[in-house]
Amino acid sequence: MLWFALIFPRLPLEAQALRPDPTLPMAVAESGTLCCVSQAAAQGGVTPGLGLPAAQALLPGLRLLERNPVAEQQALRRLADWSLQYTSHASLHPPDCLLLEIRGSLRLFGGLDALLRHVRNELDALGYDWLAGTAPTPLAAWLLARSGDPEPALSQEEFRQRLTDLPVRLLPLHVSQQQALEGLGIHTLQQLLALPSRDLGPRLGRAPMQLLERALGQLPDPRPAHRPRKTYHGELELPAPAHTSEAILFALQRLIRELAGLLRGLEAGVQRLELLLAHRNHPPTRLQPGLMQPSREADHLLMICRERLERQPLPAPVVRITLHAGRLLPLAPEALALLDARIEEQQQRWLRLTERLEARLGEQCVLGLDTHPDHRPEHAWRGIRPGGESIQKANPHRPLWLLAPPRPLHTEQGQPCWQGPLALCQGPERIESGWWDGHDVSRDYYRARSPCGALLWIYRERRSPQRWYLHGFFG
Amino acid sequence: MNDALNQLLQEPGIWRAADNQHTGQRHIPSGFAELDGVLPGGGWPDAALTELLHAHSGIGELRLLMPALARLSRSGRWIALVAPPHVPYAPALAAQGVDLSRILLVHSREGRDNLWAVEQALRSGTCAAVLAWPAADITGQQLRRLQLAAEAGQSWGILLRHSACAAQTSPAALRLELVSELETTRLKLIKCRGSLGRQEIMVNLDRPRTRAMPLPVSTLAPSPRALAGQRRNWPRQRPGTRPARPQQEPQPQLPLPLETTGSDTRNRLRLVRQQQ
C-alpha cells in the first residue's frame, strides 16, 4: 500500500471563493476569530487566531467571510469525487484532508513523479492550495503532509528515519496531552517512540502511542472508501459579482474540472449539463447546454458552456453558480493516440447505432452471439452484449438455423414428415446430457432432406413416446 | 457510320449499362466461382440491396451468403441480423468462419420497428452487411428507402424474401432466386444491375470454389514441392483450431461429410485472403 495525503489548508476560504485576485486580502472568521487567511492577508500580518477588531485594524481593506462548514464538506466531497480519477480507493479525512491509495495507479500514470505532476497541474487549475505527503500508511502520509515535507517515504524504514524531523505537535492530541509532552521534553516523534509505552500509558493515555503505532503500520488503520454519488452537483459563491462571461467561465472551470475528474473515475460521460446562474434581486438564469454524445473532456465541456453562455443575455451580475449533471452515462475509456482516428470514428458510429437501437427497442432486443460449452443444442449458444467477450467454439455438424422450441413432426407409417416424407441422409448422432439441471435430453439426431430440397436437422426422443422433432435447418 | 457510333460512345456523358468500370461500385466476392462469373464486377454488389428469394427455409439461403459474410466479419465492421425467423446458430456460424464477436442480433415486436432498425443499421456506416427478413407487404417505396440507406452507409443490405415476391418491382441492385435441386442449387438472376438478361446457374453450396484460387477437385496427388509451397503460404493457425489439413492427404472414412466441407471452406477462404 502507498498512501497519498492531500491537505487543503485554505479550504474554508477556497470553498467559498476562488482566487480571483491574489492581491485582495481575504479571511474567514468563525465566532469572532480568524480561522483562515488568504496569502495577501498573511503578507499583511494577519494570521489565523487573530480577533476580528485586531485584524481590521491591521488591514483596513480586509474582506471577511463567515465560515461555512457545510460548503467546506461539500467542497471536500467534490474533491474526493474528483480524486477518483487517480485511484479506486479515496478516503475522506475531515475536515480538510483526502487520503488516496495510489500503489495500484503508479503504473498507469508512469510512476510517482508523473502522478504528482498530474495532480499538481489539476489542483492548480482547480484553484486550491494544497500540501501533499506520501507514505506506506494513511496516518504517516497525513503526518508528512502536515509537516509540509513533500519528499515521499516509500517504505516503513524511510518513514522511521524521518521521525526525527517530525514534531510531536503534528499529532492530533488534546491540548493537555500536548502540554504534558512538552513538559517531559519530548519534541519529536522519534523521542516519543523511544519512551517505554507501558509507562507512558498511565501518564498520557494510550492515544499518542496508538497514533504512532498506526502511522508505523503496527496497528491496523482501515479507511472507508469514498463512494461517489451517481450525479454531480456543484455550487460556487463568487467572491465578487461577475459581469462578464469570462469571469463566470473562470469560476465555472473549477466545477467543470471537478466533474471531469469524477467522470474519468467513473468511466462515464455527460450529455446534458444544467447551469444555474443566480443573480441578486432577479430570478436565476437557467442554461442547459447539451451534447450530441456523452463526453468527459473538461475542455470540450467548457467550450460548450462558453458557446451557450455567450449567446445568453444576463439580466444582472452573477453571484452564484450551480452546475448540475443529473445523468452520468457510461462512456468507454478514451482511445489511445496509437489507434487510427478512422477506427475511432467507426467505434463512435457503432456506439451511436447500438444506443439508438437499445433506446427504441429495449436492451434485451439488441444482442451479440456466442457459443456456450454445452452438448445440448439449445444451450450451446447464448446472447451476449453486442461486441462482448466471446468463446466462439465452432461445430461444423450443426445447422445454421435452430428452431426454438423444436417443432414436433407428424409421422406417416413411422416416417417423419415435413412438407412431405423426409429421407434420412445421415445419423444418428446421440446427444444425452443435462441430468443435473432438470433439462436433460436424450435424443438421436439425423440430417434429413425434405422433398422440396431443404436440409433439416431432426431428432427422435429416446424416451417414450419417441416422437420426432424438427430442430433446425441447414439454411 | 461505325466511326460515328464509336465517337458517340467515347463521350463521357454516355454510360453503358454493361460497363461497370465507371460506376465506382465495389463488389464483395461471393466465394462461389460460378456466381462471381455471372455477377458484374465479380461479386455481390456492395453499398446496395440484394434480394434473395426462396420458397422454403433450409435450401441453402444462408450457405450461399456464408463465404462473403465470413470475409466481411473480419473486415472490422459489423454484420447485423434484424428479426431473423429462427435462431442463427452460433456454433455453425463459427464453423463457417464467421467472427461471432462482430454479429449484432436485433429483435423487435413490431414490423415497423424492424424496418426502422434495418434502415438505421444500413445508414450507420458501421455495418458491412445487414440481413433482414421483411414482411411480405413491404412496399416499393420502403424498399427504395432501404436502398438509399444502403448507399449512404456503404453497406450490403440482404433481404431474404419468399419466392412469391419475385413479381414485385424492386429497386434492389440484385435479385436472385434460389431453387434447390438435390445435390446442387439453381440460382436464377431475376434482376441484376449492370448485366443483361435473365441468367441461370448451378452452384454447389457445400463446395464453394473461389475464382481467385481454384483448388484442384481431382484426386490426383500434387507434387510434394507444390504442397510444401502451399503450406508455407498458409497463415498461422488460430490457437484452438485444428491445423489445416491438405485435401490430398489420405483421409479416414469420415462418418460425417460436413466436417470436411466446413473446414475446406475455411481453408480456401484463408488462402484467398492471403493472396489478396
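Naming: A, B, ... by sequence-line order, numbering from 1 per chain. Quantities reported herein were computed from a predicted structural model and do not represent experimental measurements. Every heavy atom of this structure was used, including side-chain atoms; hydrogens, water molecules and symmetry mates were not.
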Counting heavy-atom pairs closer than 4.5 Å to chain A, which one of B:Gly125, B:Ser108, B:Pro84 comes out on top? B:Gly125
If you count heavy-atom pairs under 4.5 Å between each of A:Gly368, A:Ala404, A:Pro377, A:Gly472 and chain B, which one has the most? A:Pro377
Search all heavy atoms of B:Ser73 against all heavy atoms of B:Arg102 and return the closest pair with its distance. O-CG, 3.3 Å
Where do A:Gln288 and A:Arg272 come nearest, in terms of heavy atoms and distance? O-NH1, 3.3 Å
Under 4.5 Å from any heavy atom of chain B, what part of A:Leu400 do you find: side chain, backbone, both or neither? both
Just list the side-chain donor-acceptor pairs under 3.5 Å for residues 380-390 of chain A, sequence neighbours left out, or say none.
unit_1   : atom_1 : unit_2   : atom_2 : d
A:Arg382 : NH2    : A:Asp370 : OD2    : 3.3
A:Ser390 : OG     : A:Gln392 : NE2    : 3.2

Tell me which of these, B:Gly76, B:Gly60, B:Pro85, has more heavy-atom pairs under 4.5 Å with chain A than the rest. B:Gly60
Under 4.5 Å to a heavy atom of chain A? For B:Arg123 that would be neither
Which residues pass the ring-ring contact (aromatic ring centres under 6.0 Å, His included) test with A:Tyr232, not counting sequence neighbours? none
Any idea which heavy atoms bring B:Leu160 and B:His54 closest together, and the distance? CD2-NE2, 4.1 Å
Under 4.5 Å from any heavy atom of chain B - which part of A:Arg449: side chain
Quick check on the interface: out of B:Val82, B:Leu81, B:Asp99, who has the most heavy-atom pairs with chain A under 4.5 Å? B:Asp99
So do B:Leu62 and B:Leu131 actually touch side chain to side chain, heavy atoms under 4.5 Å? yes
